[in-house]
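First the structure, in the form of structure tokens, and then the observations on it.
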Amino acid sequence: MHDLRMVREHIDALRAGMRRRGALDALSPTIDRAALLDKTRRDTIQAVEERKAARNGVTQQVGQRKRAGESAEDLQQRSRELGDEIARLDRELAQTESELGAILLELPNVTLDQVPVGGEESNAVVRTWGTPREGARAQPHWEIGTRLGLIDFERGAKISGSGFIVFRREGARLVRSLMNLMLDVHARDHGYEEIWVPVVVNRASMIGTGQLPKFEEDMYALKDEDAFLIPTAEVPLTNLYRDEILPESELPKALTAYSPCFRREAGAAGKDTRGLLRVHEFDKVELVRYVTPDTSGEQLELLTAHAERILQLLELPYRVVRLAAGDTGFASAHTYDLEVYAPGVGKWLEVSSCSNFTDFQARRANIRYKPADGGKPRFVHTLNGSGLAFPRIIASILEHHQQEDGSVRVPAALSTYLGAERLS
RNA sequence: GGACAGGUGGCCGAGUGGUUGAAGGCACCGGUCUCGAAAACCGGCAUACCGGUGAACCCGGUAUCGAGAGUUCGAAUCUCUCCCUGUCCGCCA
């Protein structure tokens with residue numbers, strides 16, 4: 001969410017930000033509307049507060065007269081009149097603020113300077129690690145997984161629906177091993193506090209991180225409660241300190257959690273749906289950092305490096321892509337995607353998205369810190385990244401580490417958890 | 001799920017319709033005292049928004065006693081709804 005001052009004082013910067021996302025044409029009328037509503041709001045506040053001050057004065061005189069045993073009917077009448085005007089103006093104000101608030105919640109974040117202008121085609125590979133193997137004879141993961149009895153797609157579809165996966169035997173154990181490996185590395189080596197979170201959250205949390213109100217149709221909602229299944233542990237982790245003020249000494253604060261993630265993927269039907277590429281429920285270890293505003297740029301580099309470390313341990317070739325403004329998520333100001341190569345499907349798969357949200361989420365969720373020098377509380381900057389999402393990692397492991405004999409080599413970092421060096 | 005009891009400033013805790021933004025205490029900050037510290041004493045100490053020149057400081061105003069709605073000239077105080085917490089009972093992994 002943007003500061004109202006952005007609309008009032010830096011509307012050109014706001015427009016420029018929307019233009020870099022390629023969204024100015026669509027949002028320009030909305031921004032104009034916001035500017036108008038801001039003016040209306042301030043005028044109405046002045047009008048209503050003037051009357052409230054008058055009523056407070058009148059009301060006090062009523063009290064004095066009553067104590068003196070005098071009648072105050074004329075003043076009471078005056079106060080009633082003011083009360084009626086106040087009620088009317090308050091209604092207008094509430095309407096204005098409601099519309100203005102809704103607009104502010106639906107405007108995406110402004111991207112940082114180093115983010116390329118344009119859409120997906122302007123995404124830029126900033127570095128690569130490892131060497132993709134030739135895919136000529138590589139089997140796709142759904143064939144390997146089924147052949148080795150690690151994944152049961154049919155029964156997943158039967159008990160839950162398409163896009164729900166059943167892992168079996170060493171496949172199930174692989175999922176558990178990935179969770180342990182990732183949590184151990186982040187908690188032990190990278191200094192994150194390990195958290196275990198609820199996967200059901202309330203509406204306020206979903207608004208805080210930016211999933212709502214704009215993307216409600218992508219979320220699984222509970223039937224009898226105003227609550228949702230989380231699409232990522234980012235939601236509970238970032239909302240952990242909603243409406244709180246942290247001492248600066250606790251920053252940067254780094255949290256990691258495993259969670260299942262639930263996504264309806266409305267409108268994504270038929271796109272990358274084969275095998276494990278796009279599913280409705282998947283597992284992920286998430287990284288979240290709360291930092292001071294002046295450090296969020298370098299903190300994004302650090303967080304991204306933490307996520308990359310897992311790919312290196314899994315010995316999977318990957319590339320780091322800086323997303324262009326038009327491809328950057330709604331709440332993010334700067335995002336790196338980590339893409340791992342899967343020779344079986346012949347594609348780079350997004351397995352992590354590491355973002356700097358600047359103060360966008362902190363404003364929505366009202367997360368502040370008390371500066372060490374004793375100044376007023378300021379909004380923190382929040383960052384998060386997958387570290388990592390399991391299904392495409394599993395796909396890549398199966399495809400990249402498959403052997404001539406049809407088995408799959410297990411990278412050393414993982415085999416200690418899995419208790420096997422080979423899947424066959 | 002049922003029955004009670006509660007939700008007041010960073011914390012504790014007064015306050016049941018009229019200078020109560022809110023007594024008192026603790027914590028914190030500044031000062032006096034001291035060689036220094038402690039104690040004692042004095043003073044300060046919420047947030048947001050609107051306006052006064054779009055800075056800082058300052059000044060004026062409004063709002064905020066879990067949230068929302070209502071009664072009233074006037075609500076922390078009365079009424080209703082909701083949320084949360086505690087205790088007991090029931091149920092249950």
Side-chain angles (χ1 to χ4, degrees), chain A residues 1-14 34-105 196 198-208 212 222-228 236 239-250 260 359 362-380:
Chain A
M1 181 167 67
H2 296 288
D3 190 346
L4 243 192
R5 270 189 284 270
M6 194 77 181
V7 171
R8 192 179 310 156
E9 298 164 17
H10 304 290
I11 196 159
D12 291 339
L14 187 60
L36 178 68
L37 288 169
D38 172 57
K39 178 75 174 101
T40 303
R41 170 177 175 271
R42 283 182 292 154
D43 290 346
T44 310
I45 285 175
Q46 281 188 52
V48 73
E49 290 192 348
E50 187 181 301
R51 285 160 180 76
K52 282 181 177 174
R55 182 176 67 180
N56 287 346
V58 171
T59 270
Q60 211 155 349
Q61 290 178 47
V62 171
Q64 286 167 7
R65 284 218 204 156
K66 296 254 177 177
R67 272 193 299 276
E70 298 167 15
S71 163
E73 186 48 46
D74 56 328
L75 293 177
Q76 291 182 28
Q77 178 55 34
R78 175 68 188 136
S79 180
R80 267 190 289 268
E81 290 164 9
L82 286 167
D84 289 344
E85 289 183 53
I86 289 167
R88 177 178 58 80
L89 290 167
D90 266 342
R91 271 195 301 276
E92 286 178 20
L93 182 60
Q95 210 166 358
T96 302
E97 293 195 323
S98 160
E99 191 187 342
L100 185 55
I103 287 176
L104 289 178
L105 284 177
W196 194 272
V199 301
V200 172
V201 297
N202 57 31
R203 180 172 291 272
S205 293
M206 293 292 264
I207 290 174
L212 296 186
L222 300 199
K223 183 169 170 292
D224 295 320
E225 286 173 69
D226 197 23
F228 304 83
N239 280 282
L240 207 59
Y241 291 98
R242 171 154 49 83
D243 293 323
E244 294 195 37
I245 300 174
L246 296 159
E248 185 174 348
S249 57
E250 288 188 26
D359 62 1
R363 282 182 192 285
R364 291 177 160 242
N366 190 28
I367 307 164
R368 293 173 292 169
Y369 74 98
K370 180 85 173 162
D373 64 15
K376 292 198 177 247
R378 300 181 60 191
F379 289 111
V380 300

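Residue numbers start from 1 in every chain, and the chains themselves are labelled A, B, ... in the order their sequence lines are given, proteins ahead of strands. Side chains are part of it too, since the values below use all heavy atoms of this structure and drop only hydrogens, waters and symmetry mates.
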What pairs of donor and acceptor atoms, side-chain ones from residues 61-68 of chain A against any protein atom, are under 3.5 angstrom apart with sequence neighbours left out?
{"unit_1": "Arg65(A)", "atom_1": "NH1", "unit_2": "Ser71(A)", "atom_2": "O", "d": "3.1"}
{"unit_1": "Arg65(A)", "atom_1": "NH1", "unit_2": "Asp74(A)", "atom_2": "OD1", "d": "3.2"}

I need the [atom1]-[atom2] distance between [X] and [N], as an integer number of Å.
| X | N | atom1 | atom2 | result |
| --- | --- | --- | --- | --- |
| Ile245(A) | C28(B) | CD1 | P | 19 Å |
| Arg368(A) | A46(B) | CZ | P | 15 Å |
| Ile86(A) | C50(B) | CD1 | C1' | 15 Å |
| Arg203(A) | C83(B) | CZ | P | 15 Å |
| Glu244(A) | U47(B) | CD | P | 17 Å |
| Asp90(A) | C49(B) | CG | P | 18 Å |

Between [M] and [N] - [atom1] atom distance, rounded Å:
| N | M | atom1 | value |
| --- | --- | --- | --- |
| G31(B) | A39(B) | C1' | 16 Å |
| G54(B) | C49(B) | C1' | 16 Å |
| A46(B) | A22(B) | C1' | 11 Å |
| C78(B) | C59(B) | C1' | 37 Å |
| C80(B) | C4(B) | P | 14 Å |
| A63(B) | G68(B) | C1' | 16 Å |
| U34(B) | C26(B) | P | 24 Å |
| U85(B) | A93(B) | C1' | 24 Å |

Report all side-chain donor-acceptor pairs from residues 43-53 of chain A shorter than 3.5 Å, counting only partners two or more places apart or in another chain.
{"unit_1": "Asp43(A)", "atom_1": "OD1", "unit_2": "Lys39(A)", "atom_2": "NZ", "d": "3.0"}
{"unit_1": "Asp43(A)", "atom_1": "OD2", "unit_2": "Lys39(A)", "atom_2": "NZ", "d": "3.3"}
{"unit_1": "Thr44(A)", "atom_1": "OG1", "unit_2": "Thr40(A)", "atom_2": "O", "d": "2.7"}
{"unit_1": "Arg51(A)", "atom_1": "NE", "unit_2": "Glu85(A)", "atom_2": "OE1", "d": "2.4"}
{"unit_1": "Arg51(A)", "atom_1": "NH1", "unit_2": "Ala47(A)", "atom_2": "O", "d": "2.9"}
{"unit_1": "Arg51(A)", "atom_1": "NH2", "unit_2": "Glu85(A)", "atom_2": "OE1", "d": "3.4"}

* Asked: Counting any heavy atom closer than 4.0 Å, what does Arg41(A) reach on the DNA or RNA strands: base, sugar-phosphate only, or nothing?
  ->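 The answer is sugar-phosphate, as Arg41(A) gets under 4.0 Å only of primed atoms, P, OP1 or OP2.
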* Asked: Excluding sequence neighbours, so at least two apart, what forms ring-ring contact (aromatic ring centres under 6.0 Å, His included) with Tyr241(A)?
  ->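 Partners of Tyr241(A) by the ring-ring contact (aromatic ring centres under 6.0 Å, His included) criterion, ordered by chain and then number, come out as Tyr290(A).
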* Give the C-alpha distance, both sets of side-chain angles, the deciding distance and a yes or no for side-chain contact (heavy atoms from CB on, under 4.5 Å) between Phe379(A) and Asn366(A). => CA-CA 7 Å; Phe379(A) 289 111; Asn366(A) 190 28; 3.9 Å; yes
* **Nucleotide pairing, RNA chain B (Watson-Crick or G-U, distances under 3.5 Å), in dot-bracket with [ ] and |** => ((((((((.[[[..)..(.....]]].(((((.......))))).(((((((.....))))))).[[[[[..)....]]]]])))))))....
* To do: Any chance you could list the contact pattern along nucleotides 51-77 of chain B? Use B for base contacts, S for sugar-phosphate-only contacts and - for none, protein heavy atoms under 4.0 Å, 5' to 3'.
  => S---------BBS---------BS---
Name all residues meeting the salt bridge (Lys or Arg N to Asp or Glu O under 4.0 Å) criterion together with [X]; count only those two or more places apart in sequence or in a different chain, and write none if there are none.
| X | result |
| --- | --- |
| Glu248(A) | none |
| Asp359(A) | Arg363(A) |
| Asp243(A) | none |

* Asked: Regarding Asn56(A) and Thr59(A), is there a side-chain donor-to-acceptor distance under 3.5 Å anywhere?
  ->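 Distance-only check fails for Asn56(A) and Thr59(A).
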* To do: Please determine if Lys370(A) and Glu250(A) form a salt bridge, counting it only when a charged side-chain N lies under 4.0 Å from a carboxylate O.
  =>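 Result for this pair is no, no salt bridge flagged.
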In residues 90-97 of chain A, what donor-acceptor pairs under 3.5 Å come from side-chain atoms, sequence neighbours left out?
{"unit_1": "Glu92(A)", "atom_1": "OE2", "unit_2": "Arg88(A)", "atom_2": "NH1", "d": "3.2"}
{"unit_1": "Thr96(A)", "atom_1": "OG1", "unit_2": "Glu92(A)", "atom_2": "O", "d": "3.0"}
{"unit_1": "Glu97(A)", "atom_1": "OE2", "unit_2": "Arg41(A)", "atom_2": "NE", "d": "2.7"}

